[in-house]
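So the structure is just underneath, and the comments pick up after that.
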Amino acid sequence: MNISENRYSNLLKSKRIFETISNVGNEIGQDAFVIGGYVRDQLLNRETKDIDIVAIGSGIDFAKKTAKKLKSSPVKVFKSFGTAMIIVDDIEVQFVGARKESYRSNSRNPKIETGTFEEDQKRRDFTINALAISLNSKDYGQLIDPFNGLNDLKNKILKTPLDPNLTFSDDPLRMMRAIRFSSQLDFKIEKETLNAISKNADRIKIVAQERITEELNKIILSKRPSSGFKLLEETGLLKIIFPEFQLLKGIENINGKSHKDNFYHTLKVLDNILPFSNGNLWLRWAALLHDIAKPNTKRFNSTQGWTFHGHEDKGARMVPSIFRKLKLPLDNKMKYVQKLVLLHLRPISLTNESITDSALRRLLFEAGDELEDLMTLCKSDITSKNKEKKIKYLNRFENVKEKLRDLEDRDKIKNWQPPIDGKEIMDTFNIKPCKEVGILKRIY
Ligand code: CTP
């Protein structure tokens with residue numbers, strides 16, 4: 001099934017869900033609207049996943065009645081949030097009653113005050129996420145767009161419906177969501193909204209780490225992660241949520257000798273790795289962390305200039321604490337990132353003289369299944385603006401790659417054993433050792 005067929009089938013499924021919700025609303029005299037991401041993504045021609053429904057009155061009751069009609073999964077009720085969820089044909093449908101006050105709250109027992117639909121739309125994060133479509137029989141299918149979200153969608157603008165200071169104080173995670181949507185959709189954050197992020201950045205501290213990291217991962221997996229990181233840095237969020245990464249920024253100069261800005265270098269490496277890391281969040285994390293220990297290992301001496309000796313080793317040792325702090329998994333994924341950080345200099349550090357079979361075997365052995373990703377990271381790390389240097393490193397890299405391939409082929413030949421040994425052949429055919437045993441072994 002190709003994508004358009006997939007989308008078409010999803011549309012049909014959603015159509016059935018919307019019509020049922022409309023009928024339920026009619027029966028029980030409650031209005032309902034589809035709102036947020038679903039509407040935004042349909043208008044942007046993007047794949048849509050979940051459906052968010054706002055009901056006027058209780059969202060939970062509405063969900064229960066809809067579930068019965070659609071014979072969906074059992075209703076999952078989140079009482080303290082006043083929301084309910086059902087799954088129909090693999091589509092998650094979330095129901096919520098319209099609210100007057102803060103849309104999301106960080107307290108465990110958020111105060112939920114029911115409100116009108118207009119009040120609910122005002123309390124949403126961005127104008128493009130406040131777009132709604134009526135599911136009510138009187139105006140079924142009509143777009144409800146009180147904040148010109150459609151215009152912002154066309155002009156690729158992220159803007160809060162209310163004063164951004166208020167929208168962000170309702171839920172400071174929205175500051176990260178702004179940057180995430182901007183890197184996912186390639187949208188600009190409107191000036192006043194962007195200024196409010198800088199002003200309120202400190203408030204991110206009250207948000208649960210898991211929610212912050214979820215947005216960070218979405219930025220890393222987006223189309224333009226480097227622009228997301230630049231925005232995180234410019235607004236002051238980065239130094240709060242990921243101080244180790246902030247420390248990469250800056251250039252020092254002693255006696256006219258300076259080093260490259262490792263923040264921008266790392267982002268370049270991330271950009272370089274994008275086409276090869278489709279969906280591989282952990283390869284992207286490895287790119288982000290490969291030079292993370294450079295600030296800690298930076299030294300200056302008049303003969304060599306700036307050095308960062310041992311940054312790969314120290315960096316690998318920093319990975320677990322960073323993962324722990326960010327509440328990222330501490331399993332194989334962390335070990336994978338750690339391995340790539342530790343070995344990222346290895347392939348390129350092998351020069352013609354040092355490319356011995358045993359050095360290559362050591363690399364093959366240490367990299368194991370991660371060899372290909374390591375080579376991708378290593379190649380992406382060649383960002384020098386100096387053309388000669390760049391060519392030199394690329395040549396070295398290709399040379400190592402070629403030699404690795406050659407060694408693997410030779411080792412395969414050397415280690416190749418026929419699947420059947422001579423004894424088995426002699427026993428099977430009841431013959432004594434002779435030339436034919438060798439012939440049969442080779443045929444197999
Ligand atoms: N919303 C909000 N403030 C938040 C989170 C969500 O106002 N902090 C509202 C927005 O209207 C959003 C809707 O709730 O569109 C659904 O939220 P969510 O599912 O988290 O995001 P989506 O917009 O659907 O986008 P995605 O699925 O890509 O996260």
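Below, each value reflects all heavy atoms present in this structure, side chains not excepted, and no hydrogens, waters or symmetry copies. Order of appearance sets the numbers: ligands from 1, and atoms from 1 within every ligand.
Heavy atoms of Asp52 found under 4.0 angstrom from ligand 1 belong exclusively to the side chain. By the criterion of a heavy-atom distance under 4.0 Å, the side chain of Arg180, and not its backbone, is placed next to ligand 1.
A cation-pi arrangement is present between Lys294 and Phe308, with the terminal nitrogen or guanidinium carbon under 6.0 Å from the aromatic centre and inside a 45° cone about the axis. Both tests pass for Lys298 against the ring of Trp306: distance under 6.0 Å to the centre and angle within 45° of the axis.
With sequence neighbours left out, His344 forms a ring pair (Phe, Tyr, Trp, His ring centres under 6.0 Å) with His290, His311. Residues that satisfy the side chain to side chain contact (heavy atoms under 4.5 Å, CB included) test with Lys325, not counting sequence neighbours, are Pro243, Glu244.
Using a 4.0 Å cut-off between a side-chain N of Lys or Arg and a carboxylate O of Asp or Glu, Glu27 and Lys65 do not qualify as a salt bridge. Using a cutoff of 4.0 Å between basic side-chain nitrogens and carboxylate oxygens, Asp120 and Arg123 are not scored as salt-bridged.
Checked by atom type, the side-chain pair Trp285/Asn217 shows a donor-acceptor distance below 3.5 Å.
For atom 24 (O) of ligand 1, the choice among Ala132, Gly37, Pro161, Gly36 with the nearest heavy atom turns out to be Gly37. Looking at Arg124, Arg177, Gln94, it is Arg177 that brings a heavy atom closest to atom 17 (O) of ligand 1.
For ligand 1, none of its N or O atoms has an N or O atom of Gln184 under 3.5 Å away. Residue Tyr38 places no N or O, backbone or side chain, under 3.5 Å from any N or O of ligand 1.
Heavy-atom separations between Asp171 and ligand 1 include at least one value shorter than 4.0 Å.
Ligand-side atoms of ligand 1 in range of Arg174: 2 (C), 3 (N), 4 (C), 7 (O), 8 (N), range being under 4.0 angstrom from any heavy atom. For ligand 1, the atoms closer than 4.0 angstrom to any heavy atom of Lys218 are 29 (O).
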